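Remember, it's a predicted structure, so these values are computed and weren't measured experimentally. In what follows, chains are A, B, ... by sequence order, proteins preceding strands, each numbered from 1.
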Amino acid sequence: MIAAFYLISVVLIVSAVLAVSLRNLIYCTLCASVVFISSAALFFLLKADFIGVVQILIYVGAVATLLLFAVMLTKNLVSRQYYVGQKRKWSYGIFTASAVLWVLIGSIRSQTNLAELVTADHQLSVVSLGKEMLTAFLLPFEVASLLLTAAMIGGIVIALEEKKKSS
Amino acid sequence: MWGTGVLKGMAVTIKNFFDTYTSKNGIFTVEYPEKRLPEKERFRNFPILVYDEKPEELRCVACDICAKECPPKCITIVKAKDAQGKPLKQPEVFDIDFTVCMNCGICEETCPFDAIYMDHEFELAEYDRMDALIYKKERLSRPWTHFEKIRPTDAKEINERRAKDATKTAAAVKPAPPQASNQQT
Amino acid sequence: MTNTIETQTRPSLSTQQLEVSIGPQHPSTHGVFRMNVVLDGETIVKLKPVMGYLHRNHEQLAENMSWLGSMPYTDRLDYFCSMTNNIAYALAVEKLMGIDVPERAQYIRVIMAELTRLVNHTALVGFLLNDLGAFFTPVLYAFREREKILDLFESVAGSRMMCNYMRFGGVKLDLPDGFVDCAKAIVDNYPPFLEEMERLLTKNEILMARCQNVGILLKDLAVNASVTGPVLRASGVNYDIRKIDKYGIYDRFDFKVPLGTVGDVYDRYYVRILEMRESLKILRQAFKELSAGPVISQKGLIAAKSPRNMKVPAGDAYGRIEAPKGELGFYIVSEGGTKPYRYHVRAPSFINLTILEDMCLGHKVADAIIILGSIDIVLGEVDR
Amino acid sequence: MLDPRFRGSDIKECMENLDQIFVQAKRTVMNLAESVLPQPLVLLVSMLISIGVIAAIGPVIMMYLTWLERKVVGRIQNRIGPNRVGKFGLLQPIADGIKMLTKEDIVPEGADHILHFLSPVLVVVPALLVLGLLPWGRNMAAVDLQVGLLLFFAITSTGTLSIFLGAWGSRNKFSLLGALRAVAQLISYEIPQVFSAVVVIMHTQTISIVEIVNAQPGFNWFVFTPWGFTGLVLFYIASVAECNRTPFDLPEAESEIVAGFHTEYSGMKFALFYMAEFLQVFSLSALAAALFLGGWQGPFLPSWIWFFLKTYGLIFIMLWFRGTFPRLRVDQLMGFAWKFLLPMSMINIVVVGIWTYASPIVAWVLGILIIAISFGVLAKLNTRYHIERNRKFILAE
Amino acid sequence: MTIPLSHYLAVSAALFSIGLFGALTRRSAIIVLIGIEIMMNAANLNLIAFWRYSDGTRATGQLFTFFGITIAAAEVAVGLAIVISVYRLFQSTNVNEISDMKK
């Protein structure tokens, strides 16, 4: 169990770095889907099966394909980085990211009374999850569905708008 | 109703599926090397030269009609000469290029001496395209009995016709000197 | 070969237009035939047929060969129906030489022509379904029936597809005994096969959805492009040379000419099935009226015996028949010698192909393939 | 002929052992392992056994599915199918395998090597992974997850991505067309497939496949209920489309776009694509059997024999489709998914709702009524202007 | 020996900063979107870690992640639609070039 955690987090970090820094966009999206899969694996490790499965279904199944289609439609596969003038920005990026990381790690370490792992294996059954979602969390559930329909219609309207005029 | 056409189509294929097990002529294909389809009598594949008794005594008299008639010109004939150089009524070289011949059967029709006929043999695969597929006189010649075996009805007609011609020429040539008659054999 | 054509419309989502060559090496172009298709997404913007891959110089060859010498070559024109090619060529030369054909030979010619029509249309229906995606089942059902008829041709003419059976003034050899009742058995077995094919295909929703209102050929476009055969009759034009010329003895048989109404792929498919039914009617009548008698006229026999010195009087003639694919015509010019001066074949597939682009514009790639399949072209005839 | 002393219970008991034969085999191996190995390794050994068995069965199933397909489609076309290699052509798959191995592995010049190499692997992995989730027999499911069915759909949805990458990597116009069609088809048929599975989840209140199968003891399978039958039909049609089989085999339409997304693959890579397709055929038929036909539930035979009987019954229907149907066009394919399958599966969910709360008679009558009416209305809507059922032809003089 | 919570938090913090780095430095709009996705992922990882180390009876952690994932999916859909329509006007997805409002 322990080895699995470290292995997966190494894969996670490496593929995240690759997903962000590669030049060829197709490889970027590929590494992004590896990030999504390994974070789903972490969820399984943390005994959150339902969320792990939802993560794979939504991120790898839909979001990665969407990204691939977007990459294909915008056609600049090998993103031509004009680094001429913006060398410094690149270093700015590293500086801010490491600053944020330092702050976060600092806050984690300063925390002393972090909760210990109390029960070795407690499993939240999917049925209770479902009940909870439709009782305590009914409002966010309805708002989420509203948001999804709005996003769908918005996405279509933006993408489709051009087709109507030109055809 | 919407899906019926599709279901009827499936019924047809499943009937054929079970036909192959149940009915006699369900399976249409024949497993070739072991079982063979009966050959049609008039099936014509590549030509053969015919001789009566001795393989040297071909019926062909090298009159070159079939070479001239052949649409793709795949027959080459050279007349045989005896010791003194007098042309004999025998082909010295008679080869057919099987890569060119399209077994159309025109040579069989136009040969006045019933010397060339189409054979039924079709397993003629070779490893070499050049000289293996140019059939020489020896490879082309077959006895007349072979012809009678593969095409009985045509053979019967031809034999009758030849017998009638032979008696007619024999009667016509009797007053003439006897030695001229052996050319017709 | 990826020369893309950039559209100059307003800056819409400028998807490049994809130029795909559905080329000679493609599973469903019925032989070596190429279509340069310009695609916008899946719909066809431009289509240019490219032919000539199978050109064998047939007409030039015929000019330095004896008259009968090019008869076996006519088998290679439309290798699906060799008997009708022979009949058309024999008809043209007989018209020029003025030979008459005896009664029995006329009936044999009608029987052979109608059997070839059956063979051609069955194979066409099979291959059209193969283009639609049915994994070879209709083709093999069609071939099962076609094999029986090809066996008949083999027992009559000696070869299944390259028959070389017709001679000027009649046919080469008389029918072998037992041919007629064997042919009768096959003709009687055909209707159940047609019912089976119809049950499998005609009312099949997928086939109807794929073929109806696809590749519509309007009546006037068809007539102007001089399209002939089932493609023309599917658009509703009543033009069948057997009815118009009444060549040979076709006036003795009563049969109908099926016409379509809309002129799309479905009509072309179903008109051919109805034509098969009509051919069966003709065959039954021909078997009844087949009488004994000579098979080749006296003049024809002499010509067949020594074709190289058969002279045809000077002049020109155009003999045409209703081949399964359309109007197959032979235009021959003779100077009175033993070789034709000019020899031209009017191939129906070649002329039916000219309207391929008009039918395919605006359709999808999948439709272009079945429209090509429904015109029923054979490359031997197109490229000659 | 039965020995009188052989009482009925003996037959039942020997069937029982036969049923649990594999489970006992594994248990014996486990006891052996426990006595020898330390504790954590034992868990590893049990996992290895399951993985090993599935990794062995997967390719064997795939090989003999290709053989079965060629035999069945052959018989449909009045011919015998492979019978030269081995007794009934049984060694044919092995011959095909060797041929695939020895064939040269061509990588097109403009192709993207990494993608070209990676995508066959990415396609096979989900297909093999999914075999672990299926209940092969009584307590013979390799992995019994509480979210089994949802994980099944999640894994099969990752296959779309790899098909697209494979086609995009091989720089070929035809495979590009094939990829666009594949992605559009797989995504739009995933939704009706999941919806028609939701029907079973609503009825059995669980997502784990093993529980669903346990909820169908003896002969009362779900298929004998109105919603169960429509659910099976909808699920089965959607999974035929999901594995790119006829009449939905547009992504690799031979007659239109040469070989669709796997045009540029040869040798072992093509074999992997082929294996992925057939494993998906097997796993989706097995899932359809588990959800609606009671998986391994059956009166007399051992459980895993029932599982294979039902799965191969459904696979036979897919092969039967292969031998009969022409192909749909792209827009009809989409129309069929969105305008027929999806509404029907939603209506099916309504019927299950009624089924759980109404009394049996009312539920039956109402269920059949709703399904019949909705099928008629949807069929009418979908074919109103496309298909002219009987078109008239003139037989002119 | 179980894994302390701080390890999980460290991993998600690292993931978050990588996502931030990507979003800030890269030119192409799509990589910015990927960066944002990775940051959302890191947040979800945190939520689940805290849920696992809590008493585990309440499902708030999991449900929060569930809604987080749905919102992220909606966000990507709309984001990509915007990227495509922007690409249609400016013929490029380079974030720097899409700066002037009036085109």
What part of [X] is in contact with chain A, defined as an atom under 4.5 angstrom from a non-hydrogen atom: side chain, backbone, both or neither?
X: Thr60(E); value: both
X: Phe16(E); value: side chain
X: Ile34(E); value: side chain
X: Leu45(E); value: both
X: Phe67(E); value: side chain

- Residue pair Ile51(A) / Ile69(E), side-chain heavy-atom distance below 4.5 Å: yes
Portion of [X] that has a non-hydrogen atom of chain E nearer than 4.5 angstrom:
X: Phe141(A); answer: both
X: Ser98(A); answer: neither
X: Val17(A); answer: both

In terms of heavy-atom pairs under 4.5 Å with chain E, which of [options] leads?
options: Ala99(A), Gly155(A), Pro140(A); result: Pro140(A)
options: Thr96(A), Val143(A), Leu42(A), Leu148(A); result: Leu42(A)
options: Ala16(A), Ala19(A), Ala62(A); result: Ala16(A)
options: Leu45(A), Leu12(A), Thr29(A); result: Leu12(A)
options: Ala97(A), Ala150(A), Ser128(A); result: Ala97(A)
options: Ala144(A), Gly154(A), Cys28(A), Ala136(A); result: Cys28(A)

Within the 3.5 Å criterion, strictly below it, is a donor on Asn41(E) or Gln55(A) matched to an acceptor on the partner's side chain? yes
Value rounded to 0.5 Å, distance of [atom1] in [X] from [atom2] in [Y]:
X: Ser21(A); Y: Phe21(E); atom1: OG; atom2: CZ; answer: 7.0 Å
X: Leu67(A); Y: Leu80(E); atom1: CG; atom2: CG; answer: 5.5 Å
X: Leu25(A); Y: Ser28(E); atom1: CG; atom2: OG; answer: 4.5 Å
X: Phe50(A); Y: Gln62(E); atom1: CZ; atom2: CD; answer: 8.5 Å

Item to complete: Report yes if the distance between the aromatic ring centroids of Phe137(A) and Phe66(E) is under 6.0 Å, otherwise no.
Response: no
So, for [X] and [Y], which heavy atoms are closest and what is the spacing to 0.1 Å?
X: Ile13(A); Y: Leu15(E); answer: CD1-N, 4.3 Å
X: Leu46(A); Y: Tyr53(E); answer: CD2-CE1, 4.4 Å
X: Ile58(A); Y: Ala73(E); answer: CG2-CB, 3.6 Å
X: Leu66(A); Y: Ala77(E); answer: CD1-CA, 4.1 Å
X: Val76(E); Y: Val63(A); answer: CG1-CG1, 4.0 Å
X: Ala10(E); Y: Ile108(A); answer: N-CD1, 3.8 Å

Q) Hey, is the main chain of Val20(A) close enough, under 3.5 Å, to the side chain of Arg26(E) for a donor-acceptor pair? A) yes
- request: Walk me through it: do Thr70(E) and Val54(A) pass the test side-chain contact (heavy atoms from CB on, under 4.5 Å)?
  value: CA-CA 9 Å; Thr70(E) 45; Val54(A) 163; over 6 Å; no
Looking only at Ile48(E), Val11(E), Leu20(E), most heavy-atom pairs under 4.5 Å shared with chain A are made by Ile48(E)
By residue number, those in residues 30-39 of chain A with heavy atoms under 4.5 Å from heavy atoms of chain E are Ala32(A), Val35(A), Phe36(A), Ser39(A)
Original post:
Would you say Phe44(A) has more than 12 foreign heavy atoms packed within less than 6.0 Å of its CZ?
Top reply: yes
Show your reasoning for whether side-chain contact (heavy atoms from CB on, under 4.5 Å) applies to Tyr87(E) and Leu73(A).
-> CA-CA 9 Å; Tyr87(E) 172 79; Leu73(A) 286 177; over 6 Å; no
Begin from the C-alpha positions of Met40(E) and Tyr59(A) and carry the test side-chain contact (heavy atoms from CB on, under 4.5 Å) through to its verdict.
CA-CA 11 Å; Met40(E) 295 280 283; Tyr59(A) 271 106; 4.3 Å; yes
field: side-chain contact (heavy atoms from CB on, under 4.5 Å) between Asn44(E) and Phe43(A), worked out
entry: CA-CA 9 Å; Asn44(E) 291 344; Phe43(A) 289 156; 4.0 Å; yes
